[in-house]
Amino acid sequence: MLDLTTLNKPQLAAVRQIEGALLLLAGAGSGKTRVITYRIAYMILSKEIPPENILAVTFTNKAANEMKERVEDLVGKARTKGMIVSTFHSLCVRILRLEIEKLGYKRNFSIYSSADQVGLIRQIVREIYHGDKKIDSEKILWIISAAKNGLIGHEQFSPKKGDEYELLASKVYPRYRSALKAFNALDFDDIIMLTIELFERFSDILDRWQERFRYIMVDEYQDTNAAQFLLIKLLAAKYRNLCVVGDDDQSIYGWRGADVGNILDFEKDYSGCRLIKLEQNYRSTGNILKAANSVIKNNKQRTGKTLWTDCGAGKLIDMMVAQDDEEEATTVVERIQMERFKNDLSYGDFAVLYRANAQSRAFEEQLRYENIPYLLIGGMEFYERKEVKDSLSYLKAISNPSDEVALLRVINFPRRGIGDGTVIKINQWSVEQGCQLFEAFGRVGQIPGISVATGDLVLGFHAQLIESRQRLQKKGGLAAKVQELFKTLGIEEELYRTIDDPASARRRVENVEQIVNAAAAYEERTANPTLAGFLEKVSLLDDGHYPGMGKKIPGSDAVVLMSLHSSKGLEFPYVFLAGLEEGNLPHSKSIDEGFSIDEERRLCYVGITRARRHLTITRCLYRKKYGKLQERYPSRFLEELPEELLNHQKGAMAAAATEAEADKMASNFFARMQSMLVA
């Protein structure tokens, strides 16, 4: 039997509410993952609902894996067979692998990474744009991606009047879509968009998946965009057993398409919906929660809730004013040292959170100066590193020879004497002949202007890919085959040959080695491992694709530096929330460009609620910009904090500056009084 005695009353009500629509508003630290996992276990054990009829969707692989493991711990692994707990993209890939042929694609489609997409956009821009201005292909891709997330196809896309990039995007979009289909490839936005197209065009397919998923749960619902909203709406339309879990007060991804209106309007979209609020917080002290509540209540568009705890009031919140960003960093690091020794803490108990990544510079320098280990969250991710992308491109080209972006990336890596001019000629000839680039490699002898010697190099590359494809598609030993391929290609030798710094070359070689390790880990976790399956897992990894979601913090003892966006979902005993000034938090974009302040206030709320035991808020009187000090003003959010919660402090320089200003004011006052007496 499932023990439900550890749940509080709202949690228990949410677990037992199985039929119909349920909106579960889960405040920060209120135990929502526990509720979701117990709810799934309750359905299986108490309601005897077949696990294959249960679908739970979230945003990160880490969250999905954790959720699945916790359900398995509650009911046993055997009783979860057929249950799907996955990200949106993994769910849709599962559906498309079975159904996509209806849309004219093959089931073995490739999934393009961001770099692959940019490369394809750049190629299309070169073909259609003949102006003198340098075009930012990433900006074009961003416009197209935003359209897709809003379910706007290339036929409906209408550029903003007078916007050169929007106009160019309207011309690139249809060619980009056609090119992807020709290469039997999808980008991340296509994965959901094409699944929706399948459901809307083919009612039998939709009905089949509605029957499969009769009970649906969606975590972090406040972060869903238009496409994700419609996907869930279609799947849940038949049985309407939909539970969405989220917190509108933590909706901080509007800049990437998240629509907080999806959770705010849920009760309108699903009439008869039941609303349950989880307001008891198990993470933070009472004073921290009072501060968070006092700030967030000023947002107009929200579903009201008030976090509370029975863990006691805790310490007051330190409000520290520094002279400038250098003193801010120095004072924060000093306090980390002091608290660490006074309370026998680890460096990993401390986190410094900030609105803009540029703020990390001063903290990094000061931590290095004091020889304190730190972990900077937000650097270049593993799968974005050049040597990793080059090596993976070989595997992509072998798995899907239609993937021309991968082919072009590796045709001369390692260097084999095939120049750009040769590649351009082959590419142009393939377009004229209407054949794929891979086929053109094998017919290079028919292409005018390419010497026999160069043609032999191209044919050697073509033959190598064919041989590698045959070897890698055989069952068993995927990691060993990948390792042998990299050895045959001479990737390690190429890196040592082309990188002057041996230490840097070694780090890059180790990154390539990690691809083999990743393939081995995939083999261990998968019943029938394949190269295509491994590449699919790599493509769906959300580190870097979905900023701040599902990121694993290494267990090393180090102070964590990270942006507020990256901090969501995490918690730390001691938090320093840095830079609460106008123009910083709230950000100047929200102030100067007329954007809503609500999301900035939600960011502040997220930062406050990351703290478990103690919170320190900092601001500066001045900050450097282009090397010069500029006066800064307190954030409006500071005025929303109750005075009785704050312990005001000043850095040494700030205190001296304040005293100097006070002395100056007093001097001016007495001078005026003296002049009045003389008169």
Side-chain angles (χ1 to χ4, degrees), residues 89-90 92-121 123-124 175-191 193-195 383 388-413 423 426-427 430-431 434-443 458 461-475 478-479 481-482 485-486 488-489 515 518-519 522 526 528-541 545:
H89 287 93
S90 294
C92 290
V93 167
R94 177 187 295 267
I95 294 169
L96 291 173
R97 289 292 181 201
L98 296 173
E99 314 282 7
I100 199 170
E101 289 176 337
K102 289 271 191 177
L103 298 178
Y105 292 80
K106 296 177 183 177
R107 291 187 179 185
N108 68 334
F109 57 82
S110 296
I111 301 172
Y112 272 24
S113 68
S114 298
D116 296 334
Q117 295 171 57
V118 171
L120 182 55
I121 293 287
Q123 182 178 339
I124 295 171
R175 291 171 180 255
Y176 174 64
R177 184 72 185 270
S178 297
L180 283 173
K181 191 166 187 179
F183 301 154
N184 195 40
L186 313 181
D187 63 18
F188 270 85
D189 304 314
D190 285 330
I191 291 172
M193 194 174 184
L194 290 180
T195 306
Y383 288 105
V388 174
K389 298 187 78 66
D390 287 340
S391 302
L392 283 172
S393 289
Y394 264 109
L395 301 181
K396 291 179 180 180
I398 290 167
S399 176
N400 178 15
S402 298
D403 189 339
E404 299 194 358
V405 170
L407 287 171
L408 292 171
R409 188 177 186 105
V410 301
I411 190 171
N412 206 34
F413 174 81
V423 175
I426 298 173
N427 197 33
S430 71
V431 172
C435 68
Q436 293 185 344
L437 188 61
F438 184 77
E439 180 185 345
F441 289 157
R443 298 167 59 186
V458 175
F461 171 64
H462 182 259
Q464 185 181 58
L465 289 178
I466 293 174
E467 181 184 350
S468 300
R469 179 176 173 83
Q470 292 170 346
R471 187 164 58 250
L472 280 164
Q473 285 188 331
K474 292 179 182 178
K475 290 185 178 180
L478 176 63
K481 291 172 188 171
V482 171
L485 172 66
F486 292 167
T488 301
L489 292 170
I515 299 175
Y522 163 74
T526 308
N528 298 301
T530 63
L531 176 60
F534 170 61
L535 291 173
E536 181 180 303
K537 288 291 183 185
V538 169
S539 295
L540 291 174
L541 285 174
H545 178 67

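Computed from heavy atoms alone, side chains included, the values below leave out hydrogens, waters and symmetry copies.
- Here N108 contributes atom CG and I100 contributes atom CD1; the two are 10.0 Å apart, rounded to the nearest 0.5 Å.
- The side chain to side chain contact (heavy atoms under 4.5 Å, CB included) search around L408 returns Q123, V423, L437, not counting sequence neighbours.
- Atoms CG and CZ, on L531 and R471 in that order, are 12.0 Å from each other to the nearest 0.5 Å.
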Item to complete: Check the pair D190 / L96 against side-chain contact (heavy atoms from CB on, under 4.5 Å), numbers first and verdict last.
Response: CA-CA 10 Å; D190 285 330; L96 291 173; over 6 Å; no

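- At a threshold of 4.5 Å between non-hydrogen side-chain atoms, the residues L180 and Q117 do not count as touching.
- Residues meeting the salt bridge (charged side-chain N to carboxylate O under 4.0 Å, His left out) test with R107, sequence neighbours left out: E101.
- Applying the side chain to side chain donor-acceptor pair (under 3.5 Å) criterion to R97, with sequence neighbours excluded, gives E536.
- Applying the ring pair (Phe, Tyr, Trp, His ring centres under 6.0 Å) rule to Y522 yields the partners F534; only residues at least two apart in sequence or on another chain are considered.
- With a 4.5 Å cut-off on side-chain heavy atoms, T530 and L478 do not count as touching.
- Between I121 atom CD1 and Y112 atom OH the span is 11.5 Å, to the nearest 0.5 Å.
- With sequence neighbours left out, I466 forms a side chain to side chain contact (heavy atoms under 4.5 Å, CB included) with F438, H462, Q470.
- Rounded to the nearest 0.5 angstrom, L103 CG and T195 OG1 are separated by 8.5 Å.
- R443 places a side-chain heavy atom less than 4.5 Å from the side chain of C435.
- Put simply, CD1 on I398 and OG on S393 are 10.5 Å apart, with the number rounded to the nearest 0.5 Å.
- Side-chain contact between V482 and L485: absent, with no pair of heavy atoms (C-beta onward) separated by less than 4.5 Å.
- Rounded to the nearest 0.5 angstrom, N184 CG and Q436 CD are separated by 8.5 Å.
- For F486, there are no ring pair (Phe, Tyr, Trp, His ring centres under 6.0 Å) partners, not counting sequence neighbours.
- By the salt bridge (charged side-chain N to carboxylate O under 4.0 Å, His left out) test, D116 is found to be paired with K396, residues two or more places apart in sequence or in another chain being considered.
- In terms of the side chain to side chain contact (heavy atoms under 4.5 Å, CB included) criterion, residue partners of A479 (sequence neighbours excluded) are, by chain and number, V516, A519, A520, E523.
- By the ring pair (Phe, Tyr, Trp, His ring centres under 6.0 Å) test, F441 is found to be paired with F461, residues two or more places apart in sequence or in another chain being considered.
- Proximity of V410 to L489: side-chain heavy atoms (C-beta onward) are nowhere separated by under 4.5 Å.
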Fill in: Stepwise side-chain contact (heavy atoms from CB on, under 4.5 Å) check, L120 with D187
CA-CA 11 Å; L120 182 55; D187 63 18; over 6 Å; no

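- With sequence neighbours excluded, no residue forms a salt bridge (charged side-chain N to carboxylate O under 4.0 Å, His left out) with R94.
- For the pair E99/I95, a side-chain contact is recorded, criterion being any heavy-atom separation below 4.5 Å from C-beta on.
- Taking the six-membered ring for Trp and thresholds of 30 and 60 degrees, H89 and F188 have ring planes more than 60 degrees apart, a perpendicular arrangement.
- A search for side chain to side chain contact (heavy atoms under 4.5 Å, CB included) contacts involving R175 returns I124, E127, I128, not counting sequence neighbours.
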Item to complete: Verify side-chain contact (heavy atoms from CB on, under 4.5 Å) between V538 and I515, making sure each step is shown before the conclusion.
Response: CA-CA 10 Å; V538 169; I515 299 175; over 6 Å; no

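- Taking every heavy atom of both residues into account, P401 and L407 meet most closely at O-CD1, 3.3 Å.
- For R409, the side chain to side chain donor-acceptor pair (under 3.5 Å) partners two or more places apart in sequence, or in a different chain, are D390.
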